[in-house]
K.L.:
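This is the structure, below, for whatever I ask next.
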Amino acid sequence: VAVIPTGGSIDNKRKLAGRDVQLAPMQASAIRGNELCVVAPLFYESAHLLVRQSLLTQLGQIGVLEMLAGRSIAVGPSSSGSRRAAEMILETLELTPEICPREIISWSDLDQADAPDIAIICVGQGSKLIERLLQQRWQLLAIPQSFTISAQHPTLRPVTISPEAYPGNEIPSAGIATVGTMAFFAARRDAPSALVRATLDALYEPPPPFAGLLPRERAAEWQGLDFHPESRRYFTDEVDGE
């Protein structure tokens with residue numbers, strides 16, 4: 001197996017379509033068209049709205065929408081699924097690029113002095129990136145209208161960032177309201193069945209390959225997905241108890 005670094009979900013979609021890779025993780029909104037299909041649901045990703053504490057101190061007690069309006073927002077690299085999720089959120093909040101200019105930058109560039117004071121990062125809870133930013137005096141805020149956002153964009157759903165995800169960072173005990181999406185393992189529709197079966201066997205063989213992986217029995221509940229035929233057989237066997 002060769003692992004190839006990429007720029008995110010959109011880049012992964014191009015690489016799959018171009019047959020540069022056979023499998024790739026992608027956010028739900030990136031899996032479109034007849035060429036690609038789902039191998040397995042992997043884990044939930046949550047939109048993290050981060051603001052520098054210096055800006056919060058400067059502005060005082062104002063609403064989130066008022067804080068965002070008129071300020072640049074870092075939305076991530078151009079080929080990332082995180083950027084797409086951020087655009088859906090801002091669209092529903094009616095924060096157009098004219099009102100909130102988007103900064104398409106690498107997350108590592110948030111350390112730069114001229115980087116935006118606000119960022120929307122869609123990653124799994126407990127992310128080392130988010131932990132590092134919180135330690136560098138950024139703060140997590142709730143995303144307004146999470147239910148409205150999820151109603152307008154079915155690939156997003158209301159979720160809560162729990163205090164256990166970032167212990168020691170003064171997250172309220174009730175958590176922080178936001179929206180999230182599912183990350184999937186995707187493949188071309190003509191991917192060999194043997195490859196897909198081997199991938200699924202490796203994915204669910206204990207112990208789990210990474211924290212937060214959706215267990216096989218819960219993945220099997222997603223029968224409405226556009227699964228690869230071998231994946232559908234695999235998860236149907238789980239539902240039927242085979």
Side-chain angles (χ1 to χ4, degrees), residues 8-10 12 25-32 38 40-51 63-65 67-68 73-77 80-95 100 107 110 118-134 138-186 203 208-226:
S9 290
I10 307 304
N12 289 350
M26 297 169 62
Q27 285 188 4
S29 61
I31 306 178
R32 298 178 178 180
V38 173
L42 293 176
F43 53 86
Y44 289 105
E45 295 188 327
S46 300
H48 296 67
L49 173 59
L50 293 128
V51 180
V64 173
L65 292 179
M67 182 183 302
L68 299 180
I73 299 179
V75 294
S80 68
S82 182
R83 177 193 171 194
R84 174 59 184 151
E87 291 288 359
M88 289 190 285
I89 292 166
L90 295 171
E91 173 190 306
T92 300
L93 298 177
E94 298 183 352
L95 296 172
C100 288
W107 296 129
L110 287 176
I118 302 170
I120 298 177
I121 306 176
C122 194
V123 290
Q125 294 190 31
S127 159
K128 297 297 183 184
L129 167 63
I130 302 299
E131 182 68 36
R132 178 174 64 83
L133 291 172
L134 293 174
W138 289 73
Q139 186 169 323
L140 277 169
L141 298 183
I143 291 183
Q145 305 177 29
S146 57
F147 285 92
T148 301
I149 293 168
S150 63
Q152 292 189 10
H153 298 284
T155 59
L156 301 176
R157 69 184 190 97
V159 298
T160 301
I161 298 174
S162 71
E164 290 77 17
Y166 304 104
N169 284 283
E170 299 183 0
I171 294 177
S173 59
I176 294 175
T178 183
V179 292
T181 186
M182 175 62 73
F184 295 101
F185 228 168
L203 194 62
F210 55 84
L213 173 68
L214 202 69
R216 179 180 174 181
E217 59 271 18
R218 287 187 60 196
E221 297 172 6
W222 288 66
Q223 287 297 303
L225 291 176
D226 185 14

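Because the structure is a prediction, the values reported are computed rather than measured. FYI, side chains are in, hydrogens and waters are out, and symmetry mates aren't considered; it's all heavy atoms of this structure.
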K.L.:
Where do Ser80 and Arg83 come nearest, in terms of heavy atoms and distance?
P.N.:
OG-N, 3.2 Å
K.L.:
Within the side chain of Thr178, is there an N or O that forms a donor-acceptor pair under 3.5 Å with the backbone of Ala47?
P.N.:
yes
K.L.:
What distance do Leu50 atom CG and Leu110 atom CG have between them, rounded to the nearest 0.5 Å?
P.N.:
8.5 Å
K.L.:
Mind checking the CD-NE2 spacing from Glu87 to His153? Nearest 0.5 Å is all I need.
P.N.:
10.0 Å
K.L.:
With a 4.5 Å cut-off on side-chain heavy atoms, are Val64 and Val51 touching?
P.N.:
no
K.L.:
Would you tell me whether Gln152 and Thr92 have side-chain atoms, one donor and one acceptor, within less than 3.5 Å of each other?
P.N.:
yes
K.L.:
So Trp222 and Tyr44, would you call those rings parallel, tilted or perpendicular, with 30° and 60° as cut-offs?
P.N.:
tilted
K.L.:
Closer than 3.5 angstrom, by distance alone: can the side chain of Ser127 be matched with the main-chain N or O of Gly124 as a donor-acceptor pair?
P.N.:
no
K.L.:
Tell me, do Ile89 and Ile143 make a side-chain contact under 4.5 Å, heavy atoms counted?
P.N.:
yes
K.L.:
Decide yes or no for Asn169 and Leu140: does some side-chain heavy atom of the first lie under 4.5 Å from some side-chain heavy atom of the second?
P.N.:
no
K.L.:
Considering all heavy atoms of both residues, which atom of Trp107 and which atom of Pro77 are nearest to each other, and what is their separation?
P.N.:
NE1-CD, 4.0 Å
K.L.:
Please report the interatomic distance CD1(Ile31) to CG(Leu225), rounded to the nearest 0.5 Å.
P.N.:
8.5 Å
K.L.:
Tell me, do Gln145 and Leu65 make a side-chain contact under 4.5 Å, heavy atoms counted?
P.N.:
yes
K.L.:
Find the distance between SG (Cys100) and CD1 (Ile73) and round it off to the nearest 0.5 Å.
P.N.:
4.0 Å
K.L.:
State, yes or no, whether a side-chain contact exists between Ile149 and Met88 at a heavy-atom distance under 4.5 Å.
P.N.:
no
K.L.:
Heavy-atom distance under 4.5 Å between the side chains of Val123 and Ser82, does that happen here?
P.N.:
no
K.L.:
Considering non-hydrogen atoms only, spot the tightest contact between Thr160 and Gly175 and give its length.
P.N.:
CG2-CA, 3.6 Å
K.L.:
Quick one, Ile118 with Leu49, criterion side-chain contact (heavy atoms from CB on, under 4.5 Å). Give me CA distance, side-chain angles, the key distance, then yes/no.
P.N.:
CA-CA 7 Å; Ile118 302 170; Leu49 173 59; 3.8 Å; yes
K.L.:
Using every non-hydrogen atom in the two residues, find where Thr181 and Cys122 come nearest and quote the distance to one decimal.
P.N.:
CG2-SG, 3.9 Å
K.L.:
Looking at every heavy atom in both Gly126 and Tyr166, which two are closest together, and how far apart are they?
P.N.:
N-OH, 3.1 Å
K.L.:
Apply side-chain contact (heavy atoms from CB on, under 4.5 Å) to residues Ile161 and Ile130 and explain how you reach the verdict.
P.N.:
CA-CA 12 Å; Ile161 298 174; Ile130 302 299; over 6 Å; no
K.L.:
Looking at Thr148, Thr155, Leu156, which one forms a side chain to side chain contact (heavy atoms under 4.5 Å, CB included) with Val179?
P.N.:
Leu156
K.L.:
Hey, what do you get for OG (Ser146) to CD1 (Ile176), rounding to the nearest 0.5 Å?
P.N.:
12.5 Å
K.L.:
Between Gln27 and Glu45, does a side-chain contact (heavy atoms from CB on, under 4.5 Å) hold up when you go through it step by step?
P.N.:
CA-CA 8 Å; Gln27 285 188 4; Glu45 295 188 327; 2.5 Å; yes
K.L.:
I need the Arg132 CZ to Lys128 NZ distance, nearest 0.5 Å.
P.N.:
12.5 Å
K.L.:
With side-chain contact (heavy atoms from CB on, under 4.5 Å) as the criterion, how do Leu141 and Met67 come out once you've worked through the C-alpha distance, each side chain's angles and the decisive distance to 0.1 Å?
P.N.:
CA-CA 11 Å; Leu141 298 183; Met67 182 183 302; 3.9 Å; yes
K.L.:
Between Asn12 and Pro25, what is the shortest heavy-atom contact and its length?
P.N.:
ND2-O, 2.7 Å
K.L.:
Distance alone, cut at 3.5 Å: any donor-acceptor contact between the side chains of Ser46 and Gln125?
P.N.:
yes
